[in-house]
Amino acid sequence: YPTCEHTLARWAREARMKRFCRAQAIQRRLEEIEVTFRELEQEGIKLEKLLRDENGSPSDQQTQWTNQLLYLVQKKNSLMIEESDLMIAVQELKLEEQQWQLDKKLRSYMNREETLKTSEDCKAEQETLAQLLKVVNERNLLIHIQEEKRLSEL
């Protein structure tokens with residue numbers, strides 16, 4: 001079984017690296033969104049001041065400023081939706097990593113000979129299995145939330 005174990009270990013490393021790269025990409029995007037939020041906020045403050053202070057401005061100019069302000073609000077809302085999607089993805093990555101760790105731990109318990117297991121080993125195996133089921137259920141809940149969100153957007 002050494003070749004099989006080696007292959008499984010390599011796949012596990014590759015999966016872990018993929019999760020790590022995804023987490024880094026998500027983190028970069030969250031930072032970009034935060035910067036964009038600040039920029040939109042500054043633009044919005046300027047537009048609000050213009051709308052309040054320039055009561056003598058032509059109505060076309062005020063309409064244009066109002067439209068720009070509404071566009072900024074719409075853009076901010078879409079960024080907030082994207083941010084919430086990314087936060088769900090972060091949570092999903094964490095749960096995926098936990099599931100991988102628990103699965104690895106459970107396999108180590110299950111690979112032991114039944115006659116060599118102590119009562120503590122059996123108890124730890126059951127606890128690990130319970131934790132694994134909890135993580136799987138949490139991941140399922142996240143997928144369900146994402147599906148509901150997708151359907152509501154349609």
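Not counting sequence neighbours, R10 has no partner by the salt bridge (Lys or Arg N to Asp or Glu O under 4.0 Å) test. Contacts of Q64 classified as side chain to side chain donor-acceptor pair (under 3.5 Å), with partners at least two apart in sequence or in another chain: none. Judged as a side chain to side chain contact (heavy atoms under 4.5 Å, CB included), and not counting sequence neighbours, the contacts of L106 are M110, E125, T128, L129, L132.
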Inset, instruction - Report the C-alpha separation of T66 and L47 in whole Å, then their side-chain angles, then the decisive distance to 0.1 Å, and conclude whether the side chain to side chain contact (heavy atoms under 4.5 Å, CB included) test is met. - result: CA-CA 8 Å; T66 304; L47 286 170; over 6 Å; no

Inset, instruction - Determine, stepwise, if the pair E41 / K76 fulfils side chain to side chain contact (heavy atoms under 4.5 Å, CB included). - result: CA-CA 9 Å; E41 221 170 274; K76 186 175 178 182; 4.0 Å; yes

Legend entry - Verdict with reasoning, Q101 to E97, per side chain to side chain contact (heavy atoms under 4.5 Å, CB included): CA-CA 6 Å; Q101 292 289 339; E97 180 66 24; 3.2 Å; yes

Inset, instruction - Check the pair F20, Q24 against side chain to side chain contact (heavy atoms under 4.5 Å, CB included), reporting the backbone distance first and the verdict last. - result: CA-CA 6 Å; F20 180 73; Q24 282 185 321; 3.4 Å; yes

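Judged by distance alone, with hydrogens and angles left aside, the side-chain atoms of N137 form a donor-acceptor pair with the main-chain N or O of L133 at under 3.5 Å.
Nearest heavy-atom pair, L95 versus V135, reported as atom, atom and distance to 0.1 Å: O-CG1, 3.3 Å. Nearest heavy atoms, K149 versus I88: NZ-CD1, 4.4 Å. Minimum interatomic distance between W65 and L51 (heavy atoms only, all atoms of both residues): CB-CD2, 3.8 Å.
One distance of note links CG of D85 with CD1 of I145; it measures 11.5 Å at 0.5 Å rounding. Interatomic distance, CD1 of I45 versus CG of L72, reported as 11.0 Å (0.5 Å rounding). Distance OG/S108 to CG/D103: 10.0 Å, rounded to 0.5 Å. Note that the CZ atom of R19 and the CD atom of E96 stand 5.0 Å from one another [nearest 0.5 Å]. In this structure, CG in L69 is found 12.5 Å from CD in Q62, a value given to the nearest 0.5 Å. Interatomic distance, CD of Q74 versus CG of L40, reported as 11.5 Å (0.5 Å rounding).
Taking 4.0 Å as the cut-off between side-chain N and carboxylate O, E14 and K18 do not count as a salt-bridged pair. A salt bridge is defined here as a Lys NZ or Arg NE, NH1 or NH2 lying under 4.0 Å from an Asp or Glu carboxylate O, and E147 with R150 meets this definition. Taking 4.0 Å as the cut-off between side-chain N and carboxylate O, E32 and R29 count as a salt-bridged pair.
Enclosure of atom CZ in R107 is not indicated, since only 12 or fewer non-hydrogen atoms of other residues, nucleotides or ligands lie within 6.0 angstrom. A 6.0 Å sphere centred on NZ of K117 holds more than 12 heavy atoms belonging to other residues, nucleotides or ligands.
Counted by atom type alone, E127 and Q131 present zero donor-acceptor pairs between their side chains at under 3.5 Å.
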